[in-house]
Amino acid sequence: MIEVRSLTYRVGDADILKGVDLELPEGGITALIGPNGAGKSTLLHSIAGLNRPAAGTVRIGTLDPFAASGPARARTVALLQQTPVAVSRLRVRELVAFGRWPHHRGRVTSRDEDIVDEALAAFALTDLAGRQVETLSGGQRQRAFIAMTWAQDTPWMLLDEPLNALDPRHARDLMARLHRLSRETGRSVVIVLHDINAAAGWSDRIVAMKDGRVFAHDTSTALLRPDTLAAVFDTPFDVLEHKGRPVVVAR
């Protein structure tokens, strides 16, 4: 479980996170939604131990990400930021293999190679393993970075807006893969999304944020109500149902 208690993160005189309290159970997909500037990415980076808070605590199981060593943190939680940067002429397999560094620390084993192969296969990149990353399409490149994060083989995987640059087909494909893989492996995924319907269709839980606070936190079906969404986004919504799944439409 991830436990966040009274977390406040400040930049200058501005509180970006304001006394956030949150518990995230293990397993499945948790989506963070909310308007721009709500604090979603800041919270994700704080959970990963990158944003040292002005007050409050974070625990990932028994790990304090702000007190743990870099390698210990990187074996517990993997973070993919919004705009990852790849070194020029790096091949896809080499990029994905970077995810193994916290484990082998330069002494690569056959197990590390096997996990890289598994990550390439999991995100449909095996045929692209020899390609240079800069020659890939935006969607392929995004999958390669997510495969690198997956190869880190951590109990928790944090993804910051991974659907950026993906068309509807590839966005759906990625969410379906994460949904399936989280169930097959037992890993926990926390994902920042602007697409509410992607959260509705594939997440187990949703955390709705507004003004640096957690506004609501519940199962996807329970949280996705017109009144809740209207209060979070300051705009009216209809919530419909299609094939047993909620569909959210802004009015």
Side-chain angles (χ1 to χ4, degrees), residues 1-9 15-34 38-81 99 102-103 115 119 122 146 149-162 175 177-193 198-210 212-224 228 232:
M1 175 181 288
I2 291 177
E3 296 181 82
V4 179
R5 296 285 180 248
S6 303
L7 191 71
T8 296
Y9 179 72
D15 286 347
I16 310 301
L17 297 177
K18 305 169 184 176
V20 171
D21 287 300
L22 183 64
E23 292 184 358
L24 299 179
E26 295 178 356
I29 296 177
T30 300
L32 303 183
I33 67 170
K40 304 181 297 297
S41 295
T42 302
L43 177 59
L44 205 70
H45 285 69
S46 297
I47 291 172
L50 299 185
N51 287 342
R52 184 168 292 277
T57 61
V58 176
R59 291 291 186 276
I60 308 171
T62 60
L63 182 84
D64 178 349
F66 304 108
S69 67
R73 190 170 62 235
R75 290 191 294 269
T76 303
V77 60
L79 169 69
L80 180 64
Q81 303 188 56
H103 301 274
I115 290 175
I146 294 171
T149 310
W150 187 263
Q152 201 168 323
D153 197 22
T154 54
W156 289 89
M157 185 174 178
L158 312 182
L159 304 176
D160 195 357
E161 298 190 33
M175 292 302 299
R177 286 176 188 275
L178 291 172
H179 187 268
R180 173 176 56 80
L181 288 167
S182 70
R183 277 148 176 76
E184 290 176 354
T185 66
R187 294 199 214 176
S188 307
V189 179
V190 184
I191 181 169
V192 174
L193 293 172
W202 300 105
S203 64
D204 300 283
R205 296 164 297 276
I206 295 179
V207 178
M209 297 190 67
K210 185 176 183 179
R213 296 184 171 90
V214 173
F215 186 91
H217 177 209
D218 211 327
T219 63
S220 300
T221 302
L223 186 140
L224 293 172
T228 301
V232 171

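Predicted, not measured: the structure shown is a model, and the values here were computed from it. Just the heavy atoms: all of them, side chains too, but no hydrogens, waters or symmetry mates, feed the values below.
Leu224 contributes atom CG, which lies 8.5 Å from atom OG1 of Thr219 (distance to the nearest 0.5 angstrom). Here the CG-CH2 distance, from Leu80 to Trp150, works out to 13.5 Å after rounding to the nearest 0.5 Å. The line from CD of Gln81 to CG of Leu159 is 11.5 Å long, rounded to the nearest 0.5 Å. The structure places OG of Ser41 at 10.0 Å from CG of Asn51, a figure rounded to the nearest 0.5 Å. Atom-to-atom distance recorded for Thr8:OG1 and Asp15:CG is 6.0 Å, nearest 0.5 angstrom. Rounded to the nearest 0.5 angstrom, Leu43 CG and Tyr9 OH are separated by 12.5 Å.
A donor-acceptor pair under 3.5 Å links the side-chain atoms of Lys40 to the main chain of Gly34, judged by distance alone. Between the side chain of Ser182 and the backbone N or O of Ile29 there is no donor-acceptor pair closer than 3.5 Å. Not one N or O on the side chain of Ser188 forms a donor-acceptor pair closer than 3.5 Å with the backbone of Trp156. When atom types are taken as modelled, the side chain of Asp64 and the backbone of Arg59 share no donor-acceptor pair closer than 3.5 angstrom. Between the side chain of Arg75 and the backbone N or O of Pro102 there is at least one donor-acceptor pair closer than 3.5 Å. Not a single donor-acceptor pair under 3.5 Å links the side chain of Arg5 to the backbone N or O of Thr57. Side-chain atoms of Glu26 come within 3.5 Å of backbone N or O of Met1 as a donor-acceptor pair. Listed for the Arg187 side chain is no donor-acceptor partner under 3.5 Å among the backbone atoms of Leu181. For the pair His179 (side chain) and Met175 (backbone), a donor-acceptor distance under 3.5 Å is absent.
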Quiz item: Val192 and Met209: side-chain contact (heavy atoms from CB on, under 4.5 Å), yes or no, with the steps?
Solution: CA-CA 11 Å; Val192 174; Met209 297 190 67; over 6 Å; no
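A side-chain contact (heavy atoms from CB on, under 4.5 Å) with Val4 is found for one member of Asp21, Val20, Leu24, Ile60 and no other, namely Val20. Put simply, the residue from Val190, Asp160, Val214 that forms a side-chain contact (heavy atoms from CB on, under 4.5 Å) with Leu32 is Val190.
Heavy atoms only, all atoms of each residue included: Ala31 and Leu193 are closest at CB-CD1, 4.0 Å. Among all heavy-atom pairs drawn from Gly49 and Arg73, the shortest one is CA-CD, 4.1 Å. When every heavy atom of Ala48 is checked against every heavy atom of Leu79, the shortest pair comes out as CB-CD2, 3.9 Å. The two atoms that bring Val232 and Ala208 nearest to each other are CG2-CB, 3.9 Å, heavy atoms only. The minimum heavy-atom distance between Ile206 and Ala199, with the atom names listed, is CD1-CB, 4.0 Å. Considering every non-hydrogen atom in both Ile191 and Pro162, the closest pair reads CD1-CG, 3.4 Å.
Here the side chains of Leu22 and Val207 are in contact, with some heavy-atom distance below 4.5 Å. The side-chain heavy atoms of Leu7 and Ser46, taken from C-beta on, include a pair separated by under 4.5 Å.
We find that Arg205 and Asp218 are not joined by a salt bridge, their nearest charged nitrogen and carboxylate oxygen being 4.0 Å or further apart.
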